[in-house]
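Small disclaimer: the values here were computed from a predicted structure and weren't measured. Any value given below was found using the heavy atoms of this structure, including those in side chains, with hydrogens, waters and symmetry copies removed. Here is how names work: the chains are called A, B, and so on, in the same order as the sequence lines, proteins then strands, and each is numbered from 1.
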Amino acid sequence: MKENLAQKYDHHAVEEGRYDEWVGKGYFTAGDLSKKPYTIVIPPPNVTGMLHIGHAWDNTLQDIISRYKRLKGFDMLYLPGTDHAGIATEAKVDARLRAEQGISRRDLTREQFLEKAYEWKEEYAGIIHQQWAKLGNSLDYTRERFTMDEGFVKAVRHVFVTLYNDGLIYRGKRIINWDPEARTALSNLEVYYQDDPGQMFYFNYRVKETGDDLVIATTRPETMFTDECIIVHPDDERYKHLIGMHAVNPANHEEIPIIADSYVDMEFGTGAMKCTPAHDPNDFEIGVRHGLPMRSCMHDNATMNENAGIYEGMDRFACREALVKAIKEEGNLIRIENIVHSVGHSERTHCVVEPYLSEQWFVRMKPLAEDVLAHQNDPEQRIVFYPERFSRTFEQWLENIEDWCISRQLWWGHRVPAWYHKETGELYVGEEDPKDPENWVQDEDVMDTWFSSALWPFATLGWPDDTADLARYYPNDTMVTGYDIIFFWVARMAFQARYFTHNLPFRHVLIHGLIRDAQGRKMSKSLGNGVDPMKVIDEYGADALRFFLTTNSTPGQDMRYIPEKVEAAWNFINKLWNASRFVLMNLEDDMTYDDIDLSNLSDADKWILFKLNRTIKHIEENNEKYEFALAGNELYSFVWDDFCSWYVELSKASLNSADETVRKAARSTLLLALTDIIKLLFPFMPFVTEEIYLKLPHQKASLNLESWPEVIKEAEDFDITDTERLISAISRIREMKAASGLKPSAPVHVRIRDLDGNGVTLTADQAMMVERMAKAQWIEDASGDLTVVSVNGGTIQIPSAELQNKEEEIAKLQKEAERLGKELSRSEGILNNPGFLAKAPEAKIAQEKKKQEDYRKQLDAVEERLRELEA
RNA sequence: GGAGGCUUAGCUCAGUUGGGAGAGCGCACCCUUCACAGGGGUGAUGUCGCAGGUUCGAGUCCUGUAGCCUCCACCA
């Protein structure tokens, strides 16, 4: 006997050490020029921490595609890398400094801080590598990248400078979202809105010239110190006469002009609004339009500045409270309404974002977005989304895009390549540092992390240099990512690729959802409901986790983490393991893969090979469409039901045959089918399939070097109708026995009739199947009372004395008669419908007629038996 | 205000050009030398959210509607 697998499937033993061996042998290293290239770049995980189960899902999808493509004969490049994740990492390092040394980043110099940040990066990149290994990701480490490595520095500078020179990057004083805790600007995307309880304050701005009361509402009284004017609608009869006059600001008694602008909605509030250009984006627009002053009344940490007078130094919210109190005391508070309104928070620090006027760098988005949108109509240059609906999300966002604020007041990131002359104040923007650095000071800001990740698909391949990898592996073929970063990332890669490579970054985008906990809640640190993929792997193995993740999800849809389902995946692997042990036990010691001989196949052999062929085709079709759940589920039932439950059992008869040609055919079928099964499963569960492969007679040094199973040509013409019928007959016999309270092993005799009542003669092969699987002995003919049950294509008859249960049989037959009656009337209904006959396809009509006839015959047999029983 | 998703068996979910409702888990009964008791066999359970429409035929297409959820925009 061949060396067999261990008696028990132990995922630790199977997965241990295998990955390093694969990497060491270079199985994941791309570069075979004789093959067609296929590229996936990993969405670079942030070096902020460890991978979570969402990464495991994302990566498994990529790895399945990669391994499938390798089997299909592609030169597969699955490129790894990590993202410096500017603000997120900076916050982590800052928190660590606080915890370990009781200091903040501001207590260090920029250089000192960056040193700490690099230490952090090294530490977590190391952890991420270990995690990738555990997951089994077939990454080409010879091409690993980091979004702040040397090549990226070059790429980012080139992009910045080019866009600047082309007028697509500009510096300007604008209202941006300011995070007063991190003290940095944020992009619109880094702000989330949440309904918070708040208050609407109504104040009286008395009109200086007339003494009229002018009631103005605001939710942010603390910004009133820099109100620059009052605005009313030019057509508003209530206020028309006040235009050009002045109102007294109740916060600081400044007299501010009352001006007209049709921006004001007369229906909203009191119809008059205050305008604070430095603290509100809409007010800013108005301010620009009317040439208003733009004073700010806050510091960058959201405490009040000198423009707030006596409130200087106070926190914005404390100031709000104190100010309202003061205004009330002066009699200018009209009323306060409690409201719930949407308030912007920082994605990172969660504090309330302050619309804040400051000098920042922006990317002019419109022309870039339009270029992408234009190419979405070009079949050759269109990015195709799976599922397709996400292309709408993508395109709609691009259609309504606003300029992108890319500067961040941080240290960890790509520094803006702009310098200011110490003497003249001249601005220099360039890829090279100034020739006379002593005369220049570099812009302090760094760039939004996404500015560099946007270059990922091509900068990882060596761009802006004209490298061989870039020529070969770009554009990427498939990008796999979550719907949550379509705007952050996918859209930005799209326009940068368009602008700088005049190409699409990738042809396909496979979108997946979020993974939630068993109750359907989002996983979060505060809930403590996150699932650590490494713990899952420890408990069930990476193969089980991978199979769970990809066969319980639908593209684009969220999924829940349900431990029982991971366990079900483990059980499936265990089943495969045991079936493999069975096969190995039955192969001869010296058997090689070339000894497979498909002559003299039994009915059962033919049946499984025919089904195997169909399975190979289906899996391939679904893999091509990224429908891994459909592929995985089909494999599950093919392996468990068809291969294990039926074929392995049936093969036992052949393996015990006295005829060596029969035994050989069974061995050949077992080896061929199992080998193909593990190839089909390999992308899903690379560890256990490799283990099995190496124990089986095999042709390559590793399953990684194998090729996708070929459809077996001979098997395409096999007619398995009789075998299918026999299998359903076996089920009916088992059913009859179970219904009669007989043990499965209790022997019975069985006679089979066709639909016309003629005896069916079984071949020796078929009789053996019945004997083996149903513990029923086939007899040509039987006398006496026979219990009857209908089966597709005929009836099964068992001597009643052997079943000894008349009531059961009557009940069963009545139920059967009822079912057949229903089917028959359904069928007749359709066939009596002239519309159906006139419009349905010929084949469908013929099929329905055949069914009707069969139902009729079956029902006749059942009714005849019922009459006998009742007599 | 705009866009999208979900609603199918007790639970979690599939269901890809419209043609006799599925899986896993759970549940009931039976079964152990012979690959696997983390197993085998048999079985029960669904007016496919609701209402219309198109069609010979709708879980599947169209319209409307309810509930839950997500994203985008706006909010003096």
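When the C1' atom is used for both B:G43 and B:A3, the distance is 47 Å, rounded to whole Å. Rounded to whole Å, the C1' atom of B:A35 lies 31 Å from the corresponding atom of B:A44. To the nearest whole angstrom, the two P atoms, one in B:U12 and one in B:C31, are 34 Å apart. Spacing of C1' atoms, B:G38 relative to B:C25, comes out at 14 Å, to the nearest Å. Rounded to a whole angstrom, the distance from the P atom of B:G15 to that of B:U60 is 14 Å. As rounded to the nearest Å, B:G5 and B:G52 have C1' atoms that lie 23 Å from one another. B:C36 and B:A21 are spaced 39 Å apart, taking the P atom of each and rounding to whole Å. Comparing the C1' positions of B:U65 and B:U45 gives a spacing of 30 Å, expressed to the nearest Å.
A:S654 and A:K652 share no side-chain donor-acceptor pair at under 3.5 Å. A:D538 and A:H12 are linked by a side-chain donor-acceptor pair at a separation below 3.5 angstrom, with hydrogens and angles left out of the test. Side-chain N/O atoms of A:E337 and A:Q199 include no donor and acceptor closer than 3.5 Å. A:W57 and A:H512 are not linked by any side-chain donor-acceptor pair at a separation below 3.5 angstrom, with hydrogens and angles left out of the test. A:D196 and A:H345 share a donor-acceptor pair across their side chains, judged by distance under 3.5 Å alone.
Residue A:Y263 is in sugar-phosphate contact alone, with no base atom involved, counting any heavy-atom pair closer than 4.0 Å across all strands shown. Using a 4.0 Å heavy-atom cutoff across all strands shown, A:A568 reaches sugar-phosphate atoms only and no base atom. Note on A:V583: nothing from the nucleic acid sits closer than 4.0 angstrom, heavy atoms only. Residue A:N400 is out of contact with every strand shown, counting any heavy-atom pair closer than 4.0 Å. Among the heavy atoms of the strands lying under 4.0 Å from A:K565 is at least one base atom, whether or not backbone atoms are also near. Among the heavy atoms of the strands, none lies under 4.0 Å from A:R220. Using a 4.0 Å heavy-atom cutoff across all strands shown, A:T219 reaches sugar-phosphate atoms only and no base atom. When heavy atoms are screened at a 4.0 angstrom cut-off, A:T218 is found touching the sugar-phosphate backbone but no base atom. In this structure, A:F487 reaches the sugar-phosphate backbone alone: every heavy-atom distance under 4.0 Å involves primed, P, OP1 or OP2 atoms, never a base. Counting any heavy atom pair closer than 4.0 Å across all strands shown, A:D265 reaches a base atom. Contacts of A:P834 with the nucleic acid, taken as non-hydrogen atoms under 4.0 Å apart, are absent. Among the protein residues, A:S827 comes within range of no part of the nucleic acid, since none of its heavy atoms lies under 4.0 Å from any strand. In this structure, A:L630 reaches the bases: a heavy-atom distance under 4.0 Å links it to at least one base atom across the strands shown. Heavy atoms of A:M559 sit nowhere under 4.0 angstrom from any nucleic acid atom.
If you find the closest nucleotide of RNA chain B to A:I231 and to A:L824, the one lying nearer the 5' end belongs to A:L824. Each of A:R826 and A:Q396 lies near RNA chain B, and the nucleotide nearest A:Q396 is the one positioned closer to the 5' end.
Taking only side-chain nitrogens and oxygens, A:T554 comes nearer than 4.0 Å to OP1 or OP2 of B:A14.
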Side-chain donor/acceptor pairs under 3.5 Å, residues 571-579 of chain A, sequence neighbours excluded:
from: A:W577; atom 1: NE1; to: A:A6; atom 2: O; distance (Å): 3.0
from: A:N578; atom 1: ND2; to: A:N574; atom 2: O; distance (Å): 2.9

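One interatomic measurement links the two molecules: CG of A:D195 to C1' of B:C74, which rounds to 12 Å at whole-angstrom precision. Distance A:E388 CD to B:A3 P: 16 Å, rounded to the nearest Å. In this entry the distance linking CD1 of A:I562 with P of B:C13 reads 6 Å, nearest Å. For the pair A:K625 NZ and B:G15 P, the interatomic distance rounds to 11 Å; values are reported in whole Å. The separation between A:N633 atom CG and B:C25 atom C1' is 14 Å, rounded to whole Å. Atom P of nucleotide B:U7 and atom CG of A:D558 are separated by 13 Å, given to the nearest angstrom. Rounded to an integer number of Å, the gap from CE of A:M273 to P of B:C74 is 14 Å. Summarising the geometry, the separation between CG on A:L398 and P on B:A3 is reported as 18 Å, rounded to the nearest angstrom.
Stretches of at least 3 consecutive Watson-Crick or G-U wobble pairs, with each checked distance under 3.5 Å, appear in RNA chain B as B:1-7 with B:66-72, B:10-13 with B:22-25, B:27-31 with B:39-43, B:49-53 with B:61-65.
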Determine, step by step, whether A:D227 and A:Y205 satisfy the side-chain hydrogen bond (donor to acceptor under 3.5 Å, both in side chains) criterion, reporting the C-alpha distance in whole Å, the side-chain angles of both residues, the deciding distance to 0.1 Å, and the verdict. CA-CA 11 Å; A:D227 285 355; A:Y205 283 58; 2.5 Å; yes
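Proximity of A:F547 to A:W570: side-chain heavy atoms (C-beta onward) are nowhere separated by under 4.5 Å.
A cation-pi arrangement is not found for A:R392 relative to A:W397, the charged atom failing to lie both closer than 6.0 Å to the ring centre and inside a 45° cone about the ring normal.
Taking the six-membered ring where tryptophan is involved, the planes of A:Y626 and A:F628 are perpendicular, since the angle between them exceeds 60° and thus also 30°.
A:R856 has no carboxylate O lying under 4.0 Å from a charged side-chain N of A:E853, or vice versa, which leaves the two without a salt bridge.
Here the nucleotide nearest the side chain of A:K844, chosen from B:G19, B:U12, B:G15, is B:G19.
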What one-letter contact string describes nucleotides 36-42 of chain B from 5' to 3', where B marks a base within less than 4.0 Å of any protein heavy atom, S marks contact via sugar-phosphate atoms alone, and - marks no contact? B-BSSSS
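Remark: aromatic rings of A:Y561 and A:F548 are close, center separation under 6.0 Å.
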